[in-house]
Amino acid sequence: MAAELTAHDLIAQHRPTLDQALEAIRTRAYWSPHPEHPKAYGENGSLDMAAGKAAFDALLGTRLDLGQPGTDDWVGGEVSPYGIELGVTYPHADLDVLLPAMKAGQRAWRDAGAEIRAVVCLEILKRISDRTHEFAHAVMHTSGQAFMMAFQAGGPHAQDRGLEAVAYAYVEQVRTPDTAEWTKPQGKRDPLALTKQFTPVPRGIGLVIGCNTFPTWNGYPGLFASLATGNAVLVKPHPRAVLPLALTVQVARQVLTEAGFDPNLVALAAERPGEGIAKTLATRPEIRIIDYTGSTSFGDWLEANARQAQVYTEKAGVNTVIVESAGDYRGMLSNLAFSLSLYSGQMCTTPQNLLIPRDGIRTDQGPKTFDEVVADLARAIDGLLGDDARANALLGAIVNPDVKARLEAAAGLGEVALASREVANPDFPGAVVRTPVLVKLDGAKPDAEAAYMSECFGPVSFAVAVDSVTDAVELLRRTVREKGAMTVGAYTTDPEVEEAVQEVCLEEAAQLSLNLTGGVYVNQTAAFSDFHGSGGNPAANAALCDGAFVANRFRVVEVRREA
């Protein structure tokens, strides 16, 4: 098939966006080419709200044929957390056929160079952006996110993270020039002269192991980092969240074909129920890069056993907030209530442990005892979620039975300050929607430590009474060092406490948010500016996104010739 997308056209269209992304990661200032508001779509070929919903509905009950080689079966079985059977089936691959086919196109993709790879990736992202409303429904009905969150986090924010990875990949590849003339003086003799050629060479095939809760947001950084650095990419979605990544693969294959490259540079590996192909794939010799988001146990297994691959993991941590004092008590309560409620706490960045001195805290509204702080926070959460329509818009649905079981068990771990309640969703009667539970624990008791030193993923938070702020800071240090943390928060009006918390986070490599009281929350990060994870504590061995996340996905190979 003749190429429909010329290199000239792709560069003309997408080079300005790439340059803006390069400037954004340099300055860390706010920037995004992808609109956050649903009404911004519907022009220039993109789908509006009605067309996106219709496109999603048209997918239900269909076979998504990607035209991949080696298809030996059709698999599916996704059921929305909102109670809908998706009924979409996907190609199941014979790996001994698919993996060699994926390697076949890598030479041309390698030889295309960093700029062409980058603008092809940007064309993929643009086409995904044009279908943001369709993708939003796919994310909503696989992750359980409420629609607006699925639209933003699964759409523009995920696309931003993919573009960010492309920008970092480009920077690292062009750090070394394509060619160099090397001349070494030899005194009275003729100088030594060489012509040197430097080529970024991909590692091989990258494997993206998708997660259930944020299939695109967590999947796109690794996918586009590997693709932009010349690697083929095999996408293995979570069995309960295949559709968003399958649609991504479909778009990528279309763009690669039109740009004159082998579509098998990007492929899907869907699995039969209970098949568990991640371990099989992860140890195949063809797989040279792995990106994984999920449980600590499997992340540790990958790091220990996928010895032939460069492994990037985002696992689990115990996120902590220290509450020592508050200059805006109401703002603090409001900010924390939203952070604990958003997407039913089913985010790797949601705070779990709130460390509060048992003697209470100072606030702009006077001193508050430990019990008063916890009771006021409970009231703030209750007020935020008191209206069922608002609660559904913030909470979404419980993503799987394990989260529901942890939520129900948490009430038996201590004194319940705020009980979880069921919320009916009139649009989706089959949805399981629960408000958060807030449990009080005594940090000095060993049985309490067993609870707060373990990750309890979902809408569960512990208000932990500690003897002093010094104890809180040391408990923070131990938690990050032993269990890891994707986020840390602190509220204090004391410069010395702020300095102590900051020093712990610098030493233990944890991302810190201080005194957030407005519309920015500890569990949200912005592409091009914020780092998601650090790669420096047990919660993750990589950060999204920095130079280290992309630089080891390729090597530079040199060819020398006498001039």
Mind running side-chain contact (heavy atoms from CB on, under 4.5 Å) on R288 and I205 for me, showing each step along the way?
CA-CA 6 Å; R288 304 303 303 277; I205 297 176; over 6 Å; no
Hey, mind stepping through E115 and I11 against side-chain contact (heavy atoms from CB on, under 4.5 Å) and telling me if it holds?
CA-CA 8 Å; E115 184 179 42; I11 292 171; 3.6 Å; yes
Apply the test salt bridge (charged side-chain N to carboxylate O under 4.0 Å, His left out) to residues D57 and K53: give CA-CA distance (whole Å), side-chain angles for both, the deciding distance (0.1 Å), then the verdict.
CA-CA 6 Å; D57 288 342; K53 176 64 162 60; 2.8 Å; yes
List the steps, then state whether side-chain contact (heavy atoms from CB on, under 4.5 Å) holds for I381 with F338.
CA-CA 7 Å; I381 297 171; F338 189 93; over 6 Å; no
Walk me through it: do L256 and D262 pass the test side-chain contact (heavy atoms from CB on, under 4.5 Å)?
CA-CA 6 Å; L256 287 164; D262 191 332; over 6 Å; no
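Judged by distance alone, the side chains of E36 and H157 do bring a donor and an acceptor atom under 3.5 Å apart. Under 3.5 Å, the side chains of D160 and S32 contain a donor-acceptor pair of N or O atoms. In this model, no donor atom of one side chain and acceptor atom of the other lie less than 3.5 Å apart for T229 and E172. When only modelled atom types and interatomic distance are considered, R553 and S226 share a side-chain donor-acceptor pair under 3.5 Å. Under the 3.5 Å distance criterion, with hydrogens and angles disregarded, no donor-acceptor pair is assigned to the side chains of Q106 and N231. Residues Y343 and T350 bring no donor and acceptor atom of their side chains to less than 3.5 Å of each other.
H92 contributes atom NE2, which lies 3.5 Å from atom CZ of R272 (distance to the nearest 0.5 angstrom). In this structure, CD in Q310 is found 10.0 Å from CD1 in I290, a value given to the nearest 0.5 Å. Here OG1 of T142 is found 11.5 Å from CD1 of I84. Values are rounded to the nearest 0.5 Å. Atom NE2 of H238 and atom OG of S143 lie 12.0 Å apart (nearest 0.5 Å). Put simply, CE on M347 and OH on Y521 are 12.0 Å apart, with the number rounded to the nearest 0.5 Å. Taking CG from D111 and CD1 from I116, the interatomic distance works out to 12.5 Å, rounded to the nearest 0.5 Å.
Taking 4.0 Å as the cut-off between side-chain N and carboxylate O, D291 and K236 do not count as a salt-bridged pair. Using a 4.0 Å cut-off between charged nitrogen and carboxylate oxygen, K126 and E123 do not count as a salt-bridge pair. Salt-bridge formation is detected for the pair R127/E258: a Lys NZ or Arg NE/NH1/NH2 atom is positioned less than 4.0 Å from an Asp or Glu carboxylate oxygen. In summary, E286 and K103 do not engage in a salt bridge, as defined by a charged side-chain N under 4.0 Å from a carboxylate O.
When side chains are defined from C-beta on, L395 counts as touching L385, because their heavy atoms get closer than 4.5 Å. Counting heavy atoms from C-beta outward, V433 and E422 have side chains that stay 4.5 Å or more apart. Side-chain atoms of F224 and I124, non-hydrogen and from C-beta on, do get closer than 4.5 Å to each other. In this structure the side chain of Q13 never reaches within 4.5 angstrom of the side chain of V119, judged on heavy atoms. The shortest side-chain heavy-atom distance between L86 and V79 does not fall under the 4.5 Å cut-off. Residues K315 and S295 fail the side-chain proximity criterion, which asks for heavy atoms closer than 4.5 Å. Between V233 and M102, the closest side-chain pair of non-hydrogen atoms is not below 4.5 Å. Counting heavy atoms from C-beta on, the side chains of Q152 and H37 never come closer than 4.5 Å.
Figure legend: R131 and F56 shown without cation-pi pairing, the cationic atom not lying both under 6.0 angstrom from the six-membered ring centre and within 45 degrees of its axis.
With N335 contributing its side chain and G518 its backbone, the two residues share a donor-acceptor pair below 3.5 Å. Proximity of a side-chain donor or acceptor of T280 to a complementary backbone N or O of G276 within less than 3.5 Å is not detected. Without hydrogens or angle criteria, D9 side chain to A12 main chain gives no donor-acceptor distance under 3.5 Å. Listed for the T313 side chain is no donor-acceptor partner under 3.5 Å among the backbone atoms of Y292. A distance-only check finds no donor-acceptor pair linking the side chain of R203 to the backbone of I289 [under 3.5 Å]. In this structure, T216 contributes its side chain and G154 its backbone to a donor-acceptor pair below 3.5 Å. Looking only at distances, no side-chain donor or acceptor of Q352 sits under 3.5 Å from a matching main-chain atom of F457. A side-chain donor-acceptor contact under 3.5 Å links T132 to the backbone of S129. Remark: side-chain polar atoms of N218 are not paired, donor with acceptor, to backbone N or O of C211 under 3.5 angstrom. Panel note: side chain R434, backbone S344; no donor-acceptor pair is recorded below 3.5 Å.
Between Y90 and the options R63, E271, E78, a side-chain hydrogen bond (donor to acceptor under 3.5 Å, both in side chains) holds for only E78.
Using bins of under 30°, 30° to 60° and over 60° for the plane-to-plane angle, the ring pair H137/F147 lands in the tilted bin. Ring geometry, H532 versus W217: the interplanar angle exceeds 60°, so the pair is classed perpendicular (tilted spans 30 to 60°).
Minimum heavy-atom separation, A167 to L18: CA-CD1, 4.3 Å. When every heavy atom of C348 is checked against every heavy atom of N319, the shortest pair comes out as O-ND2, 2.8 Å. Nearest heavy-atom pair, N392 versus V423, reported as atom, atom and distance to 0.1 Å: ND2-CG1, 3.7 Å. What you find for P81 and I398 is that their closest heavy atoms are CB-O, 3.7 Å. When all heavy atoms of T349 and N523 are compared, the pair lying nearest together is OG1-O, 2.8 Å. Between P351 and V522, the closest heavy-atom pair is CG-CG1, 3.4 Å.
Within 6.0 Å of CZ in R421 there are more than 12 heavy atoms belonging to other residues, nucleotides or ligands. Atom CD of E275 sits in a crowded spot, with more than 12 heavy atoms from other residues, nucleotides or ligands closer than 6.0 Å.
Separation of the F151 and Y41 ring centroids falls under the 6.0 Å cut-off. Residues F549 and Y312 place their aromatic rings such that the two centres sit under 6.0 Å apart.
Partners of F428 under the ring pair (Phe, Tyr, Trp, His ring centres under 6.0 Å) rule, at least two apart in sequence or in another chain, are Y82, H141. Partners of Q68 by side chain to side chain contact (heavy atoms under 4.5 Å, CB included), not counting sequence neighbours, listed by chain and number: L66, T71, P91, L98, V249, R253, A267, L268.
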